[in-house]
Amino acid sequence: MNPRPAERSQQSLVRWRGAIEADLLARRAAAPGRKPNLRRKKGRIAVVTDSSCSLPVDRGTQEVLLGPVGANIISVPLPVMIGEQIYPETSEELDRDLPLALAQGDPVRTSRPSPGRLLNSYQALQDQGYAGVVSIHLSAKLSGTVEAARLAAGQLDFPVTVVDSRQAGLGLGHAVIDAAITAQLGGTLEAVAEAATRSAHAAESVFVLPNLDQLRRGGRINAMSTLIGGLLWVKPLLQLVDGEIQPVERPRTMPRALERLQARVAQQAHAMDAPRLAVHGFGNPAQALELAEALTPLSASPVPVVDLPPVLGAHLGLGALAVSLNPALPADP
């Protein structure tokens with residue numbers, strides 16, 4: 001009996017997490033004078049991100065659940081509002097209510113975290129003995145989170161470097177992982193920020209939507225205002241370009257859109273050094289799994305199938321499919 005889509009998605013995450021942990025341990029073992037399980041105690045750098053990164057988190061502590069790789073990562077939730085009700089993004093109630101609200105066309109909005117919320121995270125890491133923080137966030141052209149992080153960092157006498165990833169989803173998430181690994185290998189604040197920037201700015205994020213209704217309602221397609229009329233009746237292939245959503249092609253059917261998505265991802269993967277692919281879906285797990293299986297030969301590591309986090313699902317809508325590609329972290333970060 002074949003596992004259900006949810007079980008298969010979970011299995012893909014287990015394989016992906018295992019590969020990330022194995023990479024960290026291999027790098028630690030190869031580092032001169034370091035043992036595989038040695039944890040640096042002085043000069044440690046922490047990594048802060050937001051829930052648009054799509055990394056698995058503990059809903060209570062916001063710690064990223066990636067074994068030793070997540071030991072120095074904190075993810076700050078981005079609020080989602082349905083009607084007048086505000087949800088903390090990592091909540092079972094939002095998981096239940098958001099798909100229903102989107103299906104019914106109820107008003108859904110998102111917000112940046114407050115500078116105070118980010119400030120509290122930085123102060124907590126300072127109290128834990130970290131020497132500095134690299135704070136890596138959702139594209140500044142899609143959210144005010146980067147601005148909030150910079151405001152928070154300016155209030156603290158503690159080294160905090162803020163990175164605008166120009167990305168979302170696991171295009172951001174893999175950059176966070178690269179930063180965390182670099183930090184755990186003894187990287188300085190500058191080296192950790194550079195690892196994050198290199199990974200995120202070289203990443204590609206491509207996605208297909210059944211329609212543009214949610215993007216239009218959320219005001220995320222203003223840059224395409226002259227094209228909206230022609231795009232609302234197709235299945236648009238879109239991409240993040242310098243942090244903004246831009247149209248790539250206008251297929252008229254979903255099968256054709258998925259065909260063009262796979263072709264574009266293949267082109268991008270072949271141009272990238274050891275690409276790491278990830279697939280996102282929202283309300284369509286079987287379709288996301290099928291896409292991941294088709295793309296697996298292009299990836300240098302296991303391809304996770306991850307639900308879009310609510311803050312992204314709220315804008316992309318039910319039935320969205322997305323693929324992120326990040327280049328491999330250099331052998332000697």
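Scope of the values below: all heavy atoms of this structure, side chains included, with no hydrogens, waters or symmetry mates.
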Counting only heavy atoms not in Glu84, do more than 12 sit closer than 6.0 Å to its CD atom? no
I'd like to know if the side chain of Gln184 and the backbone of Pro68 have a donor-acceptor N/O pair within less than 3.5 Å. yes
When hydrophobic residues are tied together by side-chain contacts of less than 4.5 Å, even through go-betweens, does Val206 share a cluster with Leu209? no
Are Arg59 and Asp95 within salt-bridge range, i.e. N to O under 4.0 Å? yes
Under 3.5 Å, side chain of Asp164 to main-chain N/O of Ala140, donor-acceptor pair present? yes
At what distance, to the nearest 0.5 angstrom, does CG of Asp23 lie from CZ of Arg28? 11.5 Å
Count I, L, V, M, F, W, Y as connected when their side-chain heavy atoms are under 4.5 Å apart, and connections chain through other members. Are Val306 and Val323 then in the same cluster? no
Between Asp178 and Arg198, does a side chain to side chain contact (heavy atoms under 4.5 Å, CB included) hold up when you go through it step by step? CA-CA 9 Å; Asp178 290 347; Arg198 184 203 68 87; 4.3 Å; yes
Quick check: does any side chain N or O of Arg8 sit under 3.5 Å from a backbone N or O of Pro285, one acting as donor and the other as acceptor? no
To the nearest 0.5 Å, what is the distance between CZ on Arg166 and CG on Asp242? 5.0 Å
Membership question, hydrophobic clusters at under 4.5 Å side-chain separation (ILVMFWY): are Leu308 and Leu102 in the same one? yes
Does the side chain of Ser9 come within less than 4.5 Å of Leu289's, by heavy atoms? yes
Kindly work out whether a path of hydrophobic side-chain contacts (I/L/V/M/F/W/Y, heavy atoms less than 4.5 Å apart) joins Phe207 to Val248. no
From OG (Ser54) to CG (Leu172), nearest 0.5 Å: 7.5 Å
Pairwise distance CZ(Phe282) to CG(Leu312) - rounded to 0.5 angstrom: 9.5 Å
Using atom types as modelled and distance alone, determine if a side-chain donor or acceptor of Thr182 lies under 3.5 Å from a backbone N or O of Gly187. no
Output yes when a side-chain donor or acceptor of Glu7 lies under 3.5 Å from a complementary backbone atom of Arg4, and no otherwise. yes
Quick check against the 3.5 Å criterion: does Asp307 have a side-chain atom that pairs as donor or acceptor with the backbone of Gly283? no
If you define the side chain from C-beta out and look only at heavy atoms, does anything of Pro210 sit under 4.5 Å from Leu318? no
Asn284 side chain vs Gly319 backbone, donor-acceptor pair below 3.5 Å: yes
Would you find more than 12 non-hydrogen atoms of other residues, nucleotides or ligands less than 6.0 Å from Gln262 atom CD? yes
Can you tell me if Ser324 and His174 form a side-chain donor-acceptor pair at under 3.5 Å? no
Regarding Asp50 and Arg112, does a basic nitrogen lie under 4.0 Å from an acidic carboxylate oxygen? no
May I ask you to decide whether Glu259 forms a salt bridge with Arg256, counting only side-chain N to carboxylate O separations under 4.0 Å? yes
Ignoring hydrogens and angles, tell me if any N or O in the side chain of Ser51 forms a donor-acceptor pair with the backbone of Leu78 under 3.5 Å. yes
Return yes when atom CD of Gln128 has more than 12 non-hydrogen atoms of other residues, nucleotides or ligands closer than 6.0 Å, and no otherwise. yes
Is there side-chain contact between Leu237 and Arg250, with at least one heavy-atom pair below 4.5 Å? no
Is the shortest heavy-atom distance from the side chain of Ile74 to the side chain of Val133 under 4.5 Å? no
Does Thr197 use its side chain to pair, donor to acceptor, with the backbone of Glu194 at less than 3.5 Å? no
Side chain to side chain contact (heavy atoms under 4.5 Å, CB included) for Leu142 and Leu240? Distances and angles first, verdict last. CA-CA 10 Å; Leu142 300 176; Leu240 282 179; 3.9 Å; yes
Close side-chain approach of Ser111 to Met81, heavy-atom, < 4.5 Å: yes
I need the minimum non-hydrogen distance between Ser121 and Val76, along with the two atoms involved. OG-CG2, 3.7 Å
What one should report as the nearest heavy-atom pair of Val303 and Ala292 is CG1-CB, 4.0 Å
Nearest heavy-atom pair of Arg117 and Pro77: which atoms, and what distance? NH2-CD, 3.6 Å
4.5 Å side-chain heavy-atom contact, Cys53 and Leu170: no
Does some side-chain heavy atom of Leu66 sit less than 4.5 Å from a side-chain heavy atom of Glu21? no
So which heavy atom on Ile136 is nearest to which on Ala175, and how close? CD1-O, 4.5 Å
Shared hydrophobic cluster for Val305 and Leu321 (ILVMFWY, side-chain gaps under 4.5 Å): no
Nearest 0.5 angstrom please: Arg109 CZ to Ile82 CD1, how far? 11.0 Å
Hey, could you give me the OG/CD distance between Ser205 and Gln239, rounded to the nearest 0.5 Å? 8.0 Å
Would the number of heavy atoms belonging to other residues, nucleotides or ligands and lying under 6.0 Å from CG of Leu156 be above 12? yes
Give the minimum heavy-atom separation between Thr110 and His315, together with the two atoms involved. OG1-NE2, 2.8 Å
Locate the shortest heavy-atom distance separating Tyr130 from Phe158; write the atom from each residue and the value. O-CE1, 3.3 Å
May I ask you to test the Ser165-Leu138 pair for a side-chain heavy-atom distance under 4.5 Å? no
Return yes if some donor-acceptor pair links the side-chain N/O of Arg276 with the main-chain N/O of Leu325 below 3.5 Å, else return no. no
Please determine whether side chain to side chain contact (heavy atoms under 4.5 Å, CB included) holds for the pair Arg264 and Gln268, giving the CA-CA distance in whole Å, both sets of side-chain angles, and the decisive distance to 0.1 Å. CA-CA 6 Å; Arg264 189 165 188 86; Gln268 293 170 334; 3.9 Å; yes
Report the C-alpha separation of Ile45 and Asn72 in whole Å, then their side-chain angles, then the decisive distance to 0.1 Å, and conclude whether the side chain to side chain contact (heavy atoms under 4.5 Å, CB included) test is met. CA-CA 8 Å; Ile45 304 300; Asn72 59 332; 5.9 Å; no
